[in-house]
Amino acid sequence: MAESRRTHTCGDLRIEDAGKDVVLTGWAASVRDHGGCVFINLRDRYGLTQVKADQAVTPEAFAIAASVKPESVLRIEGRVVDRGSNRNPNLPTGAVEVEVVAVEVLNASKPVPFPIVDDVDASEVTRLTYRYLDLRRPVLARNFALRSKVCRLTRDYLDDQGFLEIETPILCKSTPEGARDFLVPSRVHPGMFYALPQSPQTFKQILMVAGFDKYYQIARCFRDEDLRADRQLEFTQIDMEVSFATPELLYDLIEGMLATIWKGVFDIDLPRPFPRMPYAEAMETYGCDKPDLRFGMPMVTITDAVAASGFKVFADVAARNGVVTALKVPDAESWSRKDLDGLSKVATDNGAKGLAWFKIGAEEWTGSAAKFLTADEKAAIATRTGAGTGDLLLVVADDAGPARQALGAVRLKVGDRLGLRDPTKWSFLWVTEFPMFEWDAIGQRPTAVHHPFTSCVPEDLDLLETEPLKMRARAYDVILNGTELGGGSIRIHRRDVQARVFKALGLSEESARTKFGFLLDAFEYGAPPHGGIALGLDRLIMLLAGASSIRDVIAFPKTTSATDLMTASPSEVDTAQLRELHLEIK
RNA sequence: GGGGUGGUAGUUAAGUUGGUUAUAACGCCGGCCUGUCAAGCCGGAGGCCGCGGGUUCGAGUCCCGUCCACCCCGCCA
């Protein structure tokens, strides 16, 4: 058969094309043999076109077509015809079909381990082992077309804004702070290692010193930590840094970028500016630093209303400066004991000792601890929370951190149950005024909440040597629907301040010199004030695509135990390779 | 590191208080069929019940261990 190219893709043909002679290539998505004629759905990543071979018209082509195995690769020559009364309204190409003149099987397929359909019921093990088949599914293929489009929109937008795309090394220096590093042994330098970058952070700051005042990169990052539905060992960030930046400048930049993406993908205009919320408020009212504001239902602190309660759990927590926090679920009479047990488990899974619940009936309160509360206490709680007849109150009492975190998790579960977390609704938020440091109980030292290059609110700088845990950082996260899309900060650009922060983090002067000497040196040669942000591209695409796992937007993801089922990596290596690298396996 | 759920035919699942030959659907193989839309009809083949021990006259089923996958906590500046 002639080696002529395809004339159309499998998504192209419409009624206007009727009468044309065409060449199509694609995969046999289904083969329906009726004895005297056979229908084949030919699929490529653009769509599906029905082709028909008729024994009475083209007996040779029919014989080949009738023997085609699903997922074989075909080249079809034929003529486009109107399907008349047999049109398929479910296909964009459904008004026409291609009457086959000649069929060539370019490559036959073995029976596939699972059908190539959108609502696949194969396990993820099977899907990941045969990832090339999984990726043939239109729903998954669409995710990667979307990903490509978002990257293009991002590049175009940042290019328009005058940004330069600059690459930074993959083989880097190991850093003490942050996540566990992936290490790469040096062949040339026995006993020494590179590390894969957790982010291009220090390099992009150096680029600011170099005068590249607007930098971006769609950068691969590596962190050797346990995986989750939204976390992989290697992931991609849209990474940016701007000289002479202010938080407002960066908010505007990112909002403009996200608005451009939403416009390009959904043709919708995002309302701007995005709302903002200080970290402390997020923690108190939503129990986390990335509140899902697709629904309200704020948590309410009721500690003082129950400080003198006969319910010992509440009173004890109040006495030791803990927190009693409550969540009102409206119109929840119908919630069963089983529902509430499920919520209790969410609370205990998230560190609470338990979940107290009260159903507010017309006559009386029922629930786990209702009998311990006096009428005055109930009245005070009702006033504080705005709860009335028919409502349910969920209450956690503990130290402030665990109590709020646990009830925050319960809040999300309640939102799920009430269907309030609509994946087609978009709720953006800036969380601001993060603390600079948090106490690491294991290391017995402060650690950076964001990273050690983050600057603080100027008036807090003098707390650095006295009360560092009270300092507020000039850091901000952008949140979408309860997911952290990205975060950034205004950086430190002065050597003396950076040295003081390293010291506060427990990094000795010598160690700071060894690990970050290049950065401290650079700051002494005219480092401009600068700041930046990085967005998690994979999570962004996951949300845009409505996917439930980051694995559905990464072409070749790893399992939760960090293996690649298709290539069977990681794997052992030859002893000769190890010898070259001066390594020995214990 | 901890908790939870699951693993039975190529795939997805059912399998009762431990008891005859381990079911079904789809897929596969053979046959029929000219308007299907993941075509339909008839017939057939296909099993290390994740793996290793144990209890028992007897284990897919009970016990112990282990591996794999997924979800969550820890961890992820």
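Below, read A as the first sequence line, B as the second, and so on, with proteins coming before strands; counting in each chain starts at 1.
- Among pairs with a residue in residues 409-420 of chain A, those fulfilling side chain to side chain donor-acceptor pair (under 3.5 Å) read A:Asp339-A:Arg417, A:Asp416-A:Arg421, at least two apart in sequence or across chains.
- For A:Arg551 against B:C70, a side-chain-to-base donor-acceptor contact under 3.5 Å is absent.
- Near RNA chain B, defined here as any heavy-atom distance below 4.0 Å, the residues from residues 219-229 of chain A are A:Arg223, A:Glu225, A:Asp226, A:Arg228, A:Ala229, listed numerically.
- Between A:Phe518 and A:Phe516, the ring-plane angle classifies as tilted under the 30° and 60° cut-offs.
- In this view, A:Gln217 and A:Thr168, A:Tyr215 satisfy the side chain to side chain donor-acceptor pair (under 3.5 Å) rule, not counting sequence neighbours.
- Scored by the salt bridge (Lys or Arg N to Asp or Glu O under 4.0 Å) test, A:Lys470 finds A:Glu467 as partners (sequence neighbours excluded).
- Each side chain to side chain donor-acceptor pair (under 3.5 Å) pair with one or both residues in residues 429-442 of chain A, not counting sequence neighbours, appears once here: A:Glu255-A:Trp430.
- Pairs engaging residues 49-58 of chain A under the salt bridge (Lys or Arg N to Asp or Glu O under 4.0 Å) rule: A:Lys52-A:Asp54 [sequence neighbours left out].
- Considering only residues two or more places apart in sequence or on other chains, A:Glu572 meets the salt bridge (Lys or Arg N to Asp or Glu O under 4.0 Å) condition with none of them.
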Under 3.5 Å, side-chain donor or acceptor atoms of residues 403-410 of chain A against the rest of the protein: list the pairs with distances, not counting sequence neighbours.
{"residue": "A:Arg404", "atom": "NH2", "partner": "A:Thr301", "partner atom": "OG1", "Å": "2.9"}

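- Of all the residues in residues 130-142 of chain A, not one reaches under 4.0 Å from RNA chain B with any non-hydrogen atom.
- If you check every strand for non-hydrogen atoms under 4.0 Å, A:Ser123 touches sugar and phosphate atoms only.
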Quiz: residues 56-70 of chain A side-chain donor-acceptor pairs under 3.5 angstrom, not counting sequence neighbours:
{"residue": "A:Thr58", "atom": "OG1", "partner": "A:Val100", "partner atom": "O", "Å": "3.4"}
{"residue": "A:Ser67", "atom": "OG", "partner": "A:Ile64", "partner atom": "O", "Å": "2.8"}

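- Listed by residue number, A:Pro113 are the residues of residues 112-120 of chain A with a heavy-atom contact under 4.0 Å to RNA chain B.
- Of the residues in residues 41-57 of chain A, those placing a heavy atom less than 4.0 Å from an atom of RNA chain B are A:Gln50, A:Lys52, A:Asp54, A:Ala56, in numerical order.
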